[in-house]
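Below is one structure, written out as C-alpha cells; comments come after it.
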Amino acid sequence: MKMLESALEEIKRGVSEIIDEKRVALLLKNYFEKGEEYFVKAGFDPTAPDLHLGHTVLLQKMSLFQKYGATVQFIIGDFTGMIGDPTGKNETRKKLDRQTVIKNAKSYEEQVFKILDPKKTEILFNSSWIEKLGSSGMLELTTTFNVARMLEREDFEKRYKSGASISISEFLYPLLQGYDSVAIKSDIEMGGTDQKFNLLMGRHLQRAYSVGKEQAVVMMPLLEGLDGVNKMSKSLGNYIGVTDAPNDMFGKILSISDDLMWRYYELLSSLSISQIESLKQKVDSGVIHPKVAKENLAIEIVTRYHGDNEAADAKKEFEKVHSKNQLPSDIAEFEAQDSKWIAQALVDCGLEPSTSQARRDIKQNAVSVNQKKISDQQLQLDSGEYILQVGKRKFAKLKVK
RNA sequence: GGUGAGAUACUCAAGUGGCCAACGAGGGCAGACUGUAAAUCUGCUGGUUUUUACCUUCGAAGGUUCGAAUCCUUCUCUCACCA
C-alpha cells in the first residue's frame, strides 16, 4: 500500500492537472496488486521530429508510468498533421508522403528512446485507423459533437468573438485526435495544458463509441523557453533541443534566468522535490551561489542526453570561453581566395545576415578580429588567418590565401 | 448573392500626393554593468563597398501624375450586417 501511495505521489509531481485521478489510482492499484498493465497515450506532430526539453517534460512523466506498468502508445499524427492543430495561422498542409513519415518516425525513435523504454512503447500512426473511417465514418464522427460546444475551446472562442476566420476543417482536428483514443482504447492520455480540450474529447468519444472505459487525462505544464515568458517552441527559437550539441545545451541552460532555473529543476531534474527545496534554501541564504546551482542543473541535463564526459567537457569549455574569455576550442573554419572586405567576410562566414547588418554591428563595437574590437568598416583582410567574432557568442575562423 | 469596412516591416499599429525605408509599442540584436542571470541605461533593427548615396518594399496587377503606402480600375483574401 505504501508503494502505491508513493508511486502516486511521484506521478503527481509537477503535473498541472489530472482529470479522473481515481482512475489513475485504480490503474496503479491493479498493477501493484494484480500485475495488470494499461495504456498511456500521447500524440505528436509528424512534421517536427526535433524534440526539445519542453517535450521531455511529458516524456519523462510517461517513462515514469512505464515504470509502473504502462505501455506507452506513442502516436504520430500523420493524418491529423494535414490539418494542423488549430492556431488560426496554419493552413491545411499537404499530406506527407509515406517515406517522409517513416523517416520522421525513425528520427522520433532515436530521440524518444533516450527517455522512454523501447520495450514498453508502441509507435502508431493515426492515419492507419482514420483512413479506414471513410467519408461515412467521418460523418458519423461529426454527429457526436456540436458547434456550440466546439466553440467552447478557448482558441476557437477567441477567434469567433474577435471575428477571425475558423475553417471547418479545424473543427475536425479535436474530433480526430479524440477518435485516436477510441481506436487504441487508451487508459490515460497525456498532453500539455494547452491540449485540455482535445484530451477531454478523447473521453467524450470513448463514451460516445461505447469503448467501455473513459481515459483519464494527465496534463503537464508547458515549459517556458529560454526567454522565460513564452512556451518553449522551435518556431520561437527559445528552445533547447535534445539533440543540441553538449556545449550549446550547457550554454543555453546557463543563460536562463535564476527564477526560471527553479522551474526547470522542478520539471526536468531527477532530484526529489525536497532536495530541490533544500537547494533553493541554500541559494537563498547565500550558502550556494546561484550560478553553481545552475551549472549542476546543466550538468545533469547534458549528462542525460550526452553522457558524463561530454557534460564535464561542456562545463570546461563554457568556463574557458565565458569566464576566462578565451576562444572556444571548436570554431567553424572558412577559406577565402582573395583579400576580403570585413563586412563581406562576416556574411560569408555566416555570422551576419547582410553586409548592412555587419556595418551596423561594426559601428556598435560588436565585432572583433583576433580578439580586438574593430571600428573600421572598410577594413580589408589580406592573406592570413583571422578569428572573427560578433557579439559574445558568434565565432568563425577565416583563412585568406 | 447584396451592402459596408479593411489588408502597412517579426507582431501590433500610425501615415490619406512630395519633408517616407515609412511615427510609436512589443520583440530581436548589440554596447555598458554582470554570473553569457535578472533589472537598468544606450544604440541599432529592408538591401547594396556610390552609405548625408543608390536600389527594392506598404495584399496582387495595371493606370493617373514631374512625383503614389496615399488617387483610379480590376483581382485576391479577411471581417461586419443583410439574405
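In the text below, chain A, chain B and the rest are named by the order of the sequence lines, each starting its count at 1. Keep in mind that this is a model prediction, so the values were computed, not measured.
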Whole angstroms only, please: what is the [atom1]-[atom2] distance between [X] and [N]?
{"X": "A:Glu352", "N": "B:G28", "atom1": "CD", "atom2": "C1'", "answer": "13 Å"}
{"X": "A:Glu224", "N": "B:A38", "atom1": "CD", "atom2": "P", "answer": "15 Å"}
{"X": "A:Phe250", "N": "B:A37", "atom1": "CZ", "atom2": "P", "answer": "14 Å"}
{"X": "A:Arg393", "N": "B:C29", "atom1": "CZ", "atom2": "P", "answer": "8 Å"}
{"X": "A:Lys392", "N": "B:C29", "atom1": "NZ", "atom2": "P", "answer": "11 Å"}
{"X": "A:Leu254", "N": "B:U36", "atom1": "CG", "atom2": "P", "answer": "8 Å"}
{"X": "A:Lys315", "N": "B:U36", "atom1": "NZ", "atom2": "P", "answer": "13 Å"}
{"X": "A:Gln389", "N": "B:A30", "atom1": "CD", "atom2": "P", "answer": "11 Å"}

Using atom [atom1] of each nucleotide, how far apart are [N] and [M] to the nearest Å?
{"N": "B:G18", "M": "B:A68", "atom1": "C1'", "value": "10 Å"}
{"N": "B:A9", "M": "B:A80", "atom1": "P", "value": "22 Å"}
{"N": "B:A37", "M": "B:A13", "atom1": "C1'", "value": "33 Å"}
{"N": "B:U57", "M": "B:A22", "atom1": "P", "value": "16 Å"}
{"N": "B:U11", "M": "B:G46", "atom1": "P", "value": "14 Å"}
{"N": "B:G1", "M": "B:U45", "atom1": "C1'", "value": "47 Å"}
{"N": "B:U51", "M": "B:U34", "atom1": "P", "value": "39 Å"}
{"N": "B:C10", "M": "B:G59", "atom1": "P", "value": "13 Å"}

- Message: Counting only heavy atoms from other residues, nucleotides and ligands, does the tally under 6.0 Å from CZ of A:Phe32 exceed 12?
- Response: yes

Note, [X] side chain near [Y] side chain (heavy atom, < 4.5 Å):
{"X": "A:Lys294", "Y": "A:Pro290", "result": "no"}
{"X": "A:Glu224", "Y": "A:Asn230", "result": "no"}
{"X": "A:Leu398", "Y": "A:Glu385", "result": "no"}

- Query: Could you walk me through whether A:Phe171 and A:Phe145 pass the ring pair (Phe, Tyr, Trp, His ring centres under 6.0 Å) check?
  - Reply: CA-CA 10 Å; A:Phe171 282 170; A:Phe145 215 67; 9.3 Å; no

Scan every strand shown for a Watson-Crick or G-U wobble partner of [N], both distances under 3.5 Å, and answer none if you come up empty.
{"N": "B:G6", "value": "B:C77"}
{"N": "B:A21", "value": "none"}
{"N": "B:C71", "value": "B:G63"}
{"N": "B:U56", "value": "none"}
{"N": "B:U16", "value": "none"}
{"N": "B:C44", "value": "B:G28"}
{"N": "B:A37", "value": "none"}

- Query: Under 4.0 Å between a side-chain N/O of A:Lys394 and OP1 or OP2 of B:C29, yes or no?
  - Reply: no

- Message: Side-chain N or O of A:Lys373 versus OP1/OP2 of B:G31: is the shortest distance under 4.0 Å?
- Response: yes

Under 4.0 Å, counting only non-hydrogen atoms across every strand here, what does [X] touch: a base, just sugar-phosphate, or nothing?
{"X": "A:Gly251", "value": "base"}
{"X": "A:Lys294", "value": "base"}
{"X": "A:Ile256", "value": "sugar-phosphate"}
{"X": "A:Asn365", "value": "sugar-phosphate"}

- Query: Does A:Asp227 get its side chain close enough to the base of B:G27, under 3.5 Å, for a donor-acceptor pair?
  - Reply: no

- Query: If you take atom types as modelled and just measure distance, does the side chain of A:Gln364 reach the base of B:G31 with a donor-acceptor pair under 3.5 Å?
  - Reply: no

- Task: Starting from the C-alpha separation in whole Å, work towards a yes-or-no answer on ring pair (Phe, Tyr, Trp, His ring centres under 6.0 Å) for A:Phe44 and A:Phe74.
- Result: CA-CA 8 Å; A:Phe44 290 82; A:Phe74 188 94; 4.5 Å; yes

Pairs under 3.5 Å (N/O, protein and nucleotides 77-82 of chain B):
unit_1	atom_1	unit_2	atom_2	d
B:C79	OP1	A:Ser165	N	3.1
B:C79	O3'	A:Gly163	O	3.2

Could you check whether [Y] and [X], counting side-chain N and O atoms only, form a donor-acceptor pair closer than 3.5 Å?
{"X": "A:Thr303", "Y": "A:Glu310", "value": "no"}
{"X": "A:Ser181", "Y": "A:Glu189", "value": "yes"}
{"X": "A:Gln215", "Y": "A:Arg203", "value": "no"}

- Query: Taking protein heavy atoms under 4.0 Å as touching, what does nucleotides 46-58 of chain B look like 5' to 3' if B marks base contact, S marks sugar-phosphate-only contact and - marks none?
  - Reply: -SBB-B-------

- A:Lys252 charged N/C atom sitting above A:Tyr239 aromatic ring, 6.0 Å / 45°: yes

- A:Arg159 NZ/CZ over A:Phe156 ring centroid, <6.0 Å and within 45° of normal: no

- Item | Evaluation steps, salt bridge (charged side-chain N to carboxylate O under 4.0 Å, His left out), between A:Lys67 and A:Asp117 | CA-CA 9 Å; A:Lys67 188 173 148 196; A:Asp117 179 352; over 6 Å; no

